Amino acid sequence: MALRVLFSAAEVQKRVEELAGQLASDFVDTELIVVGILNGAAPFMMDLLRLLPTGLALRVQYDFVDATSYCGRESRGTVELSRELSVDVTSRSVLLVDGIVDSGRTLDTVVTALQKWAPAEIRTCTLLDKPSRRQVAVPIDYRGFEIDDLFVVGYGMDLDGAFRGLRHVAVVESSSEDAE
Ligand code: IMP
Ligand code: MG
């Protein structure tokens with residue numbers, strides 16, 4: 001197995017800055033609640049929050065939900081929500097953040113779960129999007145990069161728990177030795 005850099009740490013940071021700028025102009029005077037999907041969203045979401053201008057940063061609250069669908073490199077096809085929100089989102093604007101959207105099931109499951117609290121709106125944000133893998137149509141409002149059907153790690157993304165701490169995004173490539 002080998003890792004090939006797809007987006008360098010500098011490229012990732014530049015794009016996250018751009019997204020933070022977009023959020024800053026879209027959520028002026030909004031009491032925004034940012035909800036991250038564990039574990040993958042954490043580095044992206046924390047960087048995003050730290051890049052918000054003071055005016056918005058003062059009003060932001062954040063929380064996490066936990067949803068898991070992957071085992072190794074294959075999605076299990078069902079998504080379970082194993083952590084509920086501790087922040088009240090009723091009548092508030094929610095920004096739901098994940099590191100990557102693949103089949104769309106995770107994001108769709110969490111959007112549906114959050115709707116029962118009747119937020120004013122739910123917008124979605126992901127660093128990486130694999131549109132060719134989509135099984136469930138789910139709107140994405142803020143997207144860092146579109147990528148092909150590749151399995152990636154780093155900046156929150158993992159392969160069986162490893163590689164989440166990388167500051168860049170890399171593609172996992174199988175080498176001929178893997179089969180031996
Ligand atoms: P979906 O539910 O199929 O959209 O998958 C979304 C979740 O699967 C993400 O939150 C990730 O945890 C995981 N995932 C999807 N693609 C990748 C990948 O390329 N690398 C690592 N994790 C992935
Ligand atoms: Mg995950």
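Atoms considered below: every heavy atom in the structure, side chains included; atoms not considered: hydrogens, waters and symmetry mates. These numbers come from a predicted model, not from an experiment. Start at 1 and go down the list; that is how both ligands and their atoms are numbered.
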Contact atoms of ligand 1, heavy-atom distance to Ser103 under 4.0 Å: 1 (P), 2 (O), 3 (O), 4 (O)
Ion pair Asp47/Arg50, N-O distance below 4.0 Å: yes
salt_bridge(Glu31, Arg59) N-O dist < 4.0 Å: no
Ligand-side contact atoms (ligand 1) for residue partner Ile100, heavy atom cut-off under 4.0 Å: 6 (C), 9 (C), 10 (O), 11 (C), 14 (N), 15 (C), 16 (N), 17 (C), 18 (C), 19 (O), 23 (C)
Residue-ligand contact Asp98/ligand 1, heavy atom below 4.0 Å: yes
The one among Arg105, Lys130, Met157, Arg134 that brings a heavy atom closest to atom 17 (C) of ligand 1: Lys130
Any Gly104 heavy atom less than 4.0 Å to ligand 1: yes
Sub-4.0 Å heavy-atom approach of Leu150 to ligand 1: yes
Contact check, Asp158 vs ligand 1, heavy-atom distance below 4.0 Å: yes
Contact (N/O only, under 3.5 Å) between Val152 and ligand 1: yes
Modelled atom types, side-chain donor and acceptor of Asp149 and Ser132, under 3.5 Å: no
Residue pair Arg167 / Tyr155, side-chain donor-acceptor N/O under 3.5 Å: no
From CA spacing to verdict: side-chain hydrogen bond (donor to acceptor under 3.5 Å, both in side chains), Ser86, Asp63: CA-CA 7 Å; Ser86 55; Asp63 200 356; 3.0 Å; yes
Ionic contact status for Glu18 with Lys14, cut-off 4.0 Å: yes
Pair Arg134 + Asp129, salt bridge at N-O below 4.0 Å: yes
Where ligand 1 meets Thr106 - atom numbers and elements under 4.0 angstrom, heavy-atom basis: 1 (P), 2 (O), 5 (O), 6 (C), 7 (C)
